[in-house]
2 protein chains.
Amino acid sequence: MSGSESPLQTLRSCLARRPVGLVGLGLIGGSIGLDLKAQGISTVALVHRARTAERARQRGLADVISTDPAVLGEAGLVVLCLPLDRLLVPTPQLLSALPRQALVSDVGSVKGPVLDAWQAACSGRFIGGHPMAGTTAAGVDAGQVGLFQGRPWAVTTTETTSSADLALLEALVGVLGARVIHCTAQNHDRAVALVSHLPVLVSAALLDTVAGERDPLIRHLAESLASSGFADTTRVGGGNPRLGALMVSHNRQALRQALRHYRDSLDALEDMVQEERWDQLYIALQQTQTLRQQVVDLP
Amino acid sequence: MSGSESPLQTLRSCLARRPVGLVGLGLIGGSIGLDLKAQGISTVALVHRARTAERARQRGLADVISTDPAVLGEAGLVVLCLPLDRLLVPTPQLLSALPRQALVSDVGSVKGPVLDAWQAACSGRFIGGHPMAGTTAAGVDAGQVGLFQGRPWAVTTTETTSSADLALLEALVGVLGARVIHCTAQNHDRAVALVSHLPVLVSAALLDTVAGERDPLIRHLAESLASSGFADTTRVGGGNPRLGALMVSHNRQALRQALRHYRDSLDALEDMVQEERWDQLYIALQQTQTLRQQVVDLP
């Protein structure tokens, strides 16, 4: 490899004609499959149900799709695109089907517990990953072309990660158009506690506040007047409850700390309201406006 | 008027060839102007600055546009489309320019204080209004066609509102494609405290939590990994700080109550995390998912 190679050239040379294996063809797995197909990289995929396999074949999500774990046999890189609960409890069938020559990665939204579950099982050839791209869609019909374009993709290397394995995974992420963000699993989990898991609870509490309004007239009126601001603020709190509970429960330590800090921030704003310090509130909202402009750079 | 009349027919007959007067041609005033023009309703508009008048004429936001309050002289209906702070402190010039024959309405985001400021000044011919349609855009270039289409528009009648005045304002709202939601000013303010003003503080506190992260590595990583979920949850907390502080300060009583209830809801979720009651968290997130599907019905 040289610095002038494109990610696609690097991926091809690292794979040495072996296919990329995908375990699961939901939103993430299906989207990876479609993008790799468009770039001419061959793919094999393992799915749970025969019906899913049939639909995934109709959609052309991978070149070979099967419910038989043996389908992964020739893969040079296997990406586990499973829901978090299934990712954290690897089945013996899946473990024995992972080919020796393959680097294994995943796309789970917490990284410490995933590393614990997979690193030993893959004899150290496991690198955790987490694409920061989501829609509300799920299932075999959710995958879409270009989902990862311009999005961050956390890659959690460890002390034992080889540079060849890292180059392979980075090439995959590059081919999908995403930006690699290097971090440890622990730091990843602290960071997403702040920007991904805390927002779920903050947003869910807002929905619960409206649901808990005791005056039915006010509650009904509030629901009638809810506009795009409320819709945006409550999107993640009104999202998939199974995924939400899984993320929270598997990242509880970092999330508890984030909740404590959130409470301090809300207390400070509430004090300004109670004590009618409007100039200070204005300055605080100027600061949050500036911060959001720095952080959020979305299409 | 009969039930079979269209809002446009009703508006024409109520106005009896008088124009609609607009005070301010920002996002809301400009959008009303463009929609009325498209429907062939004549408009006159008062703006603050000569440069704004010039640009508004270029954009065709109203038929006659002036910095001279006398421009409103023939209007049959005047809609005050001013920022909340200017709306709450009517200038003597504006008050004396409001023609006796005109019904006056507004588009401010709190209704109790607006009613206090305007009802007596308009000899009872004032009906508060609040279109629930916003974008981040502001100023003379922000107005757009169809902004109100399908959106709720709160109309706060009082005991002294005449049916003729109400019919006129409802016809205007109908012509703009919005849905009239009747409520008292007090109930409006309690409802928007829940779905509009509380979200600003909840969302700002989330931004402040990230900004306050003491470990620079984690803070930087959190900013790098922030995705669409964080962007959505923080949109209103990162919005216009002047508008945010104004809304909060002028609706502080209802907001304080909303904050108390929000704290209870967040406490309950936090307890589930602390005590690892994951099944209960799952059920709570199922309920918020259902609630959001009921409330949010946006394009």
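All values below were derived from every heavy atom in this structure, side-chain atoms included, with hydrogens, water molecules and symmetry-related copies excluded. So you know, we letter chains A, B, ... as the sequences are listed, proteins then strands, and number each from 1.
- Contacts of B:His188 with chain A are made by both backbone and side-chain atoms, with heavy-atom separations under 4.5 Å.
- With a threshold of 4.5 angstrom between heavy atoms, B:Gln257 does not approach chain A through any atom at all.
- Checking side-chain atoms of A:Arg292 against main-chain N and O of B:Ala231 turns up a donor-acceptor pair under 3.5 Å.
- Looking only at heavy-atom pairs under 4.5 Å with chain B, the residue among A:Gln274, A:Glu223, A:His182, A:Arg179 that has the most is A:Gln274.
- Contacts between A:Asp267 and chain B at a heavy-atom distance below 4.5 Å involve backbone atoms as well as side-chain atoms.
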> Stepwise, does the side-chain contact (heavy atoms from CB on, under 4.5 Å) test hold for B:Glu213 with A:Arg190?
Replying inline: CA-CA 10 Å; B:Glu213 169 57 48; A:Arg190 286 177 63 192; 3.6 Å; yes

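- Using a 4.0 Å cut-off between charged nitrogen and carboxylate oxygen, B:Arg263 and A:Glu270 count as a salt-bridge pair.
- If you measure heavy-atom distances from B:Ala258 to chain A, the contacts under 4.5 Å come from the backbone alone.
- In terms of modelled atom types and a separation under 3.5 Å, the side chain of A:Thr233 and the main chain of B:Pro199 share no donor-acceptor contact.
- Chain B forms the most heavy-atom pairs under 4.5 Å with one residue out of A:Asp279, A:Ile283, A:Val248, and that residue is A:Val248.
- For the options B:Leu225, B:Leu291, B:Leu269, B:Leu194, heavy-atom pairs under 4.5 Å to chain A are most numerous at B:Leu225.
- Looking only at side-chain heavy atoms (C-beta outward), A:Arg151 and B:Ser228 stay at 4.5 Å or farther from each other.
- Other residues, nucleotides and ligands place more than 12 heavy atoms under 6.0 Å from the CZ atom of A:Arg219.
- Heavy atoms closer than 4.5 Å to chain B are found in the side chain of A:Val236, but not in its backbone.
- Considering only heavy-atom pairs separated by less than 4.5 Å from chain A, the leading option among B:Arg252, B:Gln287, B:His130 is B:Arg252.
- Of the listed residues B:Ala204, B:Ala211, B:Gly244, the one with more heavy-atom pairs under 4.5 angstrom with chain A than any other is B:Ala204.
- In this structure, A:Gly237 and B:Thr288 approach most closely via the heavy-atom pair O-OG1, 2.8 Å.
- A:Leu206 touches chain B through backbone and side chain together, each having a heavy atom under 4.5 Å away.
- B:Ala205 and A:Ser265 get closest at one heavy-atom pair: O-CB, 3.5 Å.
- Contacts between A:Ser249 and chain B at a heavy-atom distance below 4.5 Å involve backbone atoms as well as side-chain atoms.
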>> Using the rule given for salt bridge (charged side-chain N to carboxylate O under 4.0 Å, His left out), can you reason through A:Arg256 versus B:Glu275, listing the C-alpha separation, both sets of side-chain angles and the distance that settles it, and then say yes or no?
In response: CA-CA 11 Å; A:Arg256 281 175 191 147; B:Glu275 294 160 21; over 6 Å; no

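- The two residues B:Leu221 and A:Ala191 have their closest heavy-atom pair at CG-CB, 3.8 Å.
- In this structure the side chain of B:Leu201 reaches within 4.5 angstrom of the side chain of A:Leu281, judged on heavy atoms.
- Between B:Ala133 and A:Ser227, the closest heavy-atom pair is N-OG, 4.3 Å.
- If you take CZ on A:Arg214 and NE2 on B:His261, they are separated by 5.5 Å, rounding to the nearest 0.5 Å.
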> Going through the distances and angles, do B:Tyr262 and A:Val202 end up as a side-chain contact (heavy atoms from CB on, under 4.5 Å)?
Replying inline: CA-CA 9 Å; B:Tyr262 180 77; A:Val202 160; 3.5 Å; yes

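- If you take CG on B:Leu198 and CZ on A:Phe230, they are separated by 9.0 Å, rounding to the nearest 0.5 Å.
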> Can you list the steps and then say if A:Ser224 with B:Met132 is a side-chain contact (heavy atoms from CB on, under 4.5 Å)?
Replying inline: CA-CA 10 Å; A:Ser224 301; B:Met132 307 303 293; over 6 Å; no

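- Summarising the local packing, CZ of A:Arg86 is surrounded by more than 12 heavy atoms from other residues, nucleotides or ligands at distances under 6.0 Å.
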>> B:Gln289 vs A:Leu207, test: side-chain contact (heavy atoms from CB on, under 4.5 Å). Steps then yes/no.
In response: CA-CA 9 Å; B:Gln289 182 185 42; A:Leu207 285 159; over 6 Å; no

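- Interface remark: B:Leu246 contributes no atoms to any contact with chain A (heavy atom separation under 4.5 Å).
- Surrounding CD of B:Gln253 are at most 12 heavy atoms belonging to other residues, nucleotides or ligands under 6.0 Å away.
- In this structure, CG in A:Leu285 is found 10.0 Å from CG in B:Asp208, a value given to the nearest 0.5 Å.
- With a 4.5 angstrom heavy-atom cutoff, B:Thr234 touches chain A via backbone and side-chain atoms both.
- Counting non-hydrogen atoms of neighbouring residues, nucleotides and ligands closer than 6.0 angstrom, the CD atom of A:Gln286 exceeds 12 such neighbours.
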